[in-house]
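Here the structure is a predicted model, which is why all the values come from computation and not from measurement.
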Amino acid sequence: MPTTAFDQFTQRITDVTAQLAAHGLPLTAPPPPTAAPPDPTDPWASSHSAPVDRSTLAWCTAAQMLAEHHDTGIDRQVLPADALLRELGIRGLAQLHTDLHHGAPIDYRATRCPYCSGIGEDPTLPTCKDLGCPPWHEFDGHGHSCPVCRGEDYQPAWFAEEHMQKLEKLLADAIEESEERGSLRRRLGTWLHTRRPRP
């Protein structure tokens, strides 16, 4: 069991790579075969040919998300995870998360980020040099937020309470409006009934 928040990421990588090894799958995806160079007039033609490292946290997270969603083993989700990371990179995890929720936007304040597990920081702990931060930021101790949730503050209990208060107010307003409409209907019905000509 992980002892610190960052130990869970190492455990995730270990679990997924062990499953890959058990199925005899390599930890580096080969570049896609290219019979001919991509057609520049074809908007769907892929120009990405870099190999994908299947031992990165991003790839392991994508494979786990796909396997859990489709209720299959990791070995069945290798190629989709390769394609996702090859085409979209780490930000593709946010797109995948949204797609798995039928296109609904994800509120990472109430939903745990699949990449950083709600920490809000980039779990790979990159340096400023790795990310290309301006040189004056290198020594000021600024953090690097998670590229998927963009550093959202995961506090579901607090946000659930806030949402419940908003919903209670909306419900109270709807009930009040409904009661007003009901009394208006009764008054109009009475008025129309009394104004109706007698035969």
*Any idea which heavy atoms bring Q8 and S117 closest together, and the distance?*
OE1-OG, 3.3 Å

*asked:* Closer than 3.5 angstrom, by distance alone: can the side chain of R109 be matched with the main-chain N or O of E152 as a donor-acceptor pair?
replied: no

*Side-chain heavy atoms of T17 within contact of L27, under 4.5 Å*: yes

*Check: E162 and L167 side chains under 4.5 Å, non-hydrogen atoms*: no

*Check for a donor-acceptor pair, side chain of H144 on one end and backbone N or O of P126 on the other, with a separation under 3.5 Å.*
yes

*Hey, what do you get for OG1 (T56) to CZ (F9), rounding to the nearest 0.5 Å?*
13.5 Å

*Could you grab the distance from atom CD of E161 to atom NZ of K166, nearest 0.5 Å is fine?*
12.5 Å

*Rounded to the nearest 0.5 Å, how far apart are OG1 of T98 and CD1 of I106?*
5.0 Å

*Quick one: does C146's side chain get under 4.5 Å of D122's, heavy atoms only?*
no

*Side-chain contact, heavy-atom cut-off 4.5 Å: E121 with S145?*
no

*asked:* If only side-chain N and O atoms count, and only distance matters, is there a donor-acceptor pair under 3.5 Å linking D15 with Q19?
replied: no

_Any side-chain donor near an acceptor of the partner, Q77 and T72, under 3.5 Å_ = yes

_Interatomic distance, L79 atom CG to L25 atom CG [nearest 0.5 angstrom]_ = 9.0 Å

_If I take atom NE2 from residue H70 and atom CE from residue M65, how far apart are they, to the nearest 0.5 angstrom?_
10.5 Å

*Report yes if the side chains of D82 and R54 come closer than 4.5 Å at any heavy-atom pair, otherwise no.*
yes

*Where is the tightest heavy-atom contact between Y108 and P114, given as atom of each residue plus distance?*
CE2-CD, 4.0 Å

*Between I13, D53, L84, V78, which is the residue that forms a side chain to side chain contact (heavy atoms under 4.5 Å, CB included) with W59?*
V78

*State whether a side-chain donor-acceptor pair under 3.5 Å links Q11 with D7.*
no

*Closest non-hydrogen atom pair between A81 and A62, with its separation*: CB-CB, 4.2 Å

*Which pair of heavy atoms, one from I90 and one from A58, lies closest together, and at what distance?*
CG1-CB, 3.7 Å

*Counting heavy atoms not belonging to R91, are there more than 12 under 6.0 Å from its CZ?*
yes

*asked:* Is there a side-chain contact between H97 and T111 in this structure, where contact means two heavy atoms from C-beta onward sitting under 4.5 Å apart?
replied: yes

*asked:* With a 4.5 Å cut-off on side-chain heavy atoms, are C116 and C149 touching?
replied: yes

*Using distance alone, with no hydrogens and no angle criterion, decide if R12 and T61 have a side-chain donor and acceptor under 3.5 Å apart.*
yes

*Got more than 12 heavy atoms from elsewhere within 6.0 Å of CG, D173?*
yes

*Between I74 and A67, what is the shortest heavy-atom contact and its length?*
CD1-CB, 3.9 Å

_As an exercise, state the distance from NE2 of H101 to CG of L96, rounded to the nearest 0.5 Å._
10.0 Å

_Pairing residues for Y154 by the side-chain hydrogen bond (donor to acceptor under 3.5 Å, both in side chains) criterion, not counting sequence neighbours_ = none

